[in-house]
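Written below as structure tokens is the structure these notes are about.
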Amino acid sequence: MSQTFYPGPSRIHLAAFPPKERWDEWRELDSTAWPRRVERRYMLVPTTCFNCESACGLLAYVDLDTKEIRKLEGNPEHPGSRGKNCAKGPATLNQSQDPDRILYPLKRAGKRGEGRWERVSWDQALDDIASRIRKAIQEGRRNEVVYHVGRPGEDGYAERVMAAWGLDGHNSHTNICSSGARAGYHYWMGFDRPSPDHANADVILLVSAHLESGHYFNPHAQRIMEAKREGAKLIVFDVRLSNTATHADHWLAPYPGSEAAIFLAIARHLIEKKLYDREFVRQWWNWREYLETEKPDLPPTFESFEEVLAGLYREFTFAYASKESGVETSVLEEVADIVAKAGTRLSTHNWRSAAAGNLGGWQVSRALFLLNALLGAVAKPGSVYPNGWNKFVARPIHLPPHPDVWNEMSWPADYPLSLHEMSFLLPHLVKEGRGRLDVYFTRVYNPVWTNPDGFTWIEMLNDEEKVGLHVALTPTWSETAYFADYILPMGIGSERHDIHSYETHDAQWIGFRQPVMRAVRERLGEKVTDSRGSNPGEVWEENELWIELSWRIDPDGGMGIRKFFESRERPEEKLGVDEYYRYIFENSVPGLPQKAAAEGLAPLAYMRRYGAFEVSKSVGALHEQEVPAEELEDVRVDPRGRAFTRAPKPPPINIVPQPTPDGDAEGRRPVGVEIDSRIVRGFPTPSGKLEFYSSTLATWGWPEYALPGYIKSQIHPENLEEGEIPLIPTFRLPVQIHTRSANAKWLDEIAHTNPLWIHPRDAVRIGVRTGELVRVETRAGHFVVKAWVTEGIRPGVVACSHHMGRWKLADSGQRQLMATVAIRHDHSSWALARKAGVVPYDSKDGDTRRIWWTDSGVHQNLTFPVQPDPISGMHCWHQAVRIRRALPGDAYGDVVVDTEKMHRYYRKWLEMTRPAARVSPDGTRRPYWLLRPLKPSHAAYRLPRE
Ligand code: SF4
């Protein structure tokens, strides 16, 4: 039986994939030549998809006669995606062949934003950029150099570049994406993401449209469907009847923001009926710390904790949850019973969705994980693992030290607990005069279009006093690139090197992205040293770009930067990508050299041939691993069971970023936790246990939220004004992905609009039918969109996907999914109006004459004020809006905004914060143990003296 399956990780029937022994020359018939029988010869080369965070494996079919990539399919050797892809994977081909893509470095020729460009050489661009960075560093203006990333698509390379330059200059998009969910998980288990073992679960509870567009959705979707085939029950929370909801056994569409109230009601049910795993709770929750801190009058016994626990969630009856959510009590009871019966085989997942939409959204994931923690469904088959255990990050050739600066523009002290950089507040911080940017990189990032409040971004980017030089590193045109000084063409998934590893299941794997045509030329015996030689035009990969730029910043090595980009094999010479990855694969990935040798290959050659390696098939319950005796030197166990040691920490094999709980007062480091007289690894939290009680929240100014709880959203009915209803703007379209997919013609043909989902009752109330125009008024502007009347959304709530509404100001740009618009501007009043939709056009690709759609959707995010959660820092996306039939003079796609109103709104939300200067218990800016992508030195954590 086993012989009928592909022997690699995919386990799919042999006929589905070309056997790997024949990847050098694979022959098959050309489907486009049908009915003629035309045979094509291909070399099959693996790489990794760059179109979402899942990093699925791809297999490029390179025509050996024309030396062109003809298609991309799944890589059966990839342990995460196992040969499968969503539509966006194969559409990488469109992105590569897009007739409108940017192929050469461009420099602006007129005023910023005017849309005039001239082609320049890479040398000209890099010399200019490098000299500015060098000057900023030498003049002590290190915080004026910032790298702002959208989709990283790799593990740690860019952070190391910033560290090598001595900057705290890493800025990410995470606070408009996932900080809400991360915070909820982080406070529980130290790591900030779940790694659900969906395939082995009995019950899967998803708070999102996870099957079609969630985090790691293709790898997860296939495992969820496997579990369903084995009889697992699927529960989906989604205000829309998403594709995922259609697959659910139980679809709940609660009032947005009420999800945590439901989870707490289920928790109450588990506690009241004593359906929880007492032994797990006794061993692994930090209940003793909670009692000693908050209930010092009670005996510190598990029995007294259970008595307290029984009362903690008393108010969260099913009736209360029903009142908050609008879901019938009987449905909630039924779902609670199903969850209870799952026992330890409960996999749950919340990533964006409710956690990203609501004030206090982080309590949604915290309350959701409470169900796992009650049932002991943590790090067991079919449950949820901490992500850091299911991810492998390999040690690179050079590891620069932590920078000794703190960038207040990314990590303002107003938000000491924010999980990531307060990136979307940047223009408001600049507007307040908190600082300026001298060199600002936007890299695969389009804040003008993706972030809320895009006109405030345009105001900042257009002001050369505030932003000295804006460099857009992008594989395609974007709204933000229009306001750049340089546009530098980056490679897509088949044109660049990267490594990555994600928590798709209980295992560890490492994937290798590579420039496909470079790999082909090497396999054919050519020597290639620069990816520009094999990519289209002068498209470059970032690995090589950063090495080159670093050498130009520090040409003689005097600034201490160059040494991190030097070869070890050839001292005094530049590091090359071959050496960089050769070092990693030979020295830092356990098992890879042996596996490669078994096939007669060097490790780098193995990764170039197969594109992925499974480091570990199963990781299991690391928290239960006993700490070896040699790590217990002069061990001290504190009264709560935290064990500290003087033994030095062994150098980690896996350098995945770790939370760093404090040591004891005598200089020992935390090494584990004592459970029933055994010292085991525990969790990377301050207590070493799962933190039901967060001392971090309690001591950093938020004691009222130290336990999993329920925070009423900014769109809770109590917080809405007369006539307002919630707008859900967070959902993705399954075949589009933010900015990058606009230049994929197959995807554009499938999805090119974003109508407003509106329930028939609401449609009747405002008098619109499907296709008619609706004006949606936020608190700082409005947009005009088409209605889609559907019972697939909860009454009293409207929804609009953010994956549409792309625009360009001039003819230059992507023409398959960007409308041409005019922008009017008078002080703080901004208006965007469509001049022309998408039309057929002549190009080297005959399909551009076959474009039949004109629509490209409406850009709603422009009208959203920033709404930063005062704890997690997450932008709370859901909007309080009024909807009405469009007024005379309104036109489809109109957007009108007042940026002064936007700034006032920012100030209003800022008032909710509890700044570090007020709440820090130890004079630092932020708890040191919390994760931070680029962690400065201890000294930089100290708040400046008044
Ligand atoms: S876009 Fe699709 S194929 Fe590509 S990584 Fe994401 S899920 Fe995988």
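Ligands are counted one by one from 1 in listed order, and the atoms in each one are counted from 1 as well. When reading the values below, keep in mind they use all heavy atoms of this one structure, side chains included, and skip hydrogens, waters and symmetry mates.
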Check: Can you tell me if Arg740 and Gln95 form a side-chain donor-acceptor pair at under 3.5 Å?
Finding: no

Looking at [Y], is its backbone amide N or carbonyl O close enough to the side chain of [X] to form a donor-acceptor pair, meaning the two atoms are under 3.5 Å apart?
X	Y	answer
Asp98	Arg101	yes
His802	Phe731	yes
Asp63	Thr66	yes

Which of the ligand 1 atoms, numbered from 1, are nearer than 4.0 Å to a heavy atom of [X]:
X	answer
Gly89	3 (S)
Lys88	1 (S)
Asn85	3 (S)

Notebook entry, point to check: Within the stated cut-off of 2.8 Å, is an N/O/S atom of Cys49 closer than that to atom 4 (Fe) of ligand 1?
Noted result: yes

Note to self: What I want to find out is whether Arg345 reaches Asp197 closely enough, with some N-O distance under 4.0 Å, to be called a salt bridge.
What the structure shows: no

Closest non-hydrogen protein atom to [atom], residue and atom name please, with distance?
atom	value
atom 6 (Fe) of ligand 1	Cys52 SG, 2.2 Å
atom 7 (S) of ligand 1	Asn218 CB, 3.4 Å
atom 8 (Fe) of ligand 1	Cys56 SG, 2.3 Å

Next item on the list: Classify the contact between Phe50 and ligand 1 as side chain, backbone, both or neither, using a heavy-atom distance cut-off of under 4.0 Å.
Entry: neither

Notebook entry, point to check: Hey, is Ala55 touching ligand 1 through its side chain, its backbone, both or neither, going by heavy atoms under 4.0 Å?
Noted result: backbone

Next item on the list: Please state whether the separation between atom 6 (Fe) of ligand 1 and some N/O/S atom of Cys86 is under 2.8 Å?
Entry: no

Check: With under 30° as parallel and over 60° as perpendicular, where do the rings of Trp509 and Tyr502 fit, or are they tilted in between?
Finding: perpendicular

Next item on the list: Over 60° means perpendicular and under 30° means parallel, so classify the ring planes of Trp807 and His859, tilted if in between.
Entry: tilted

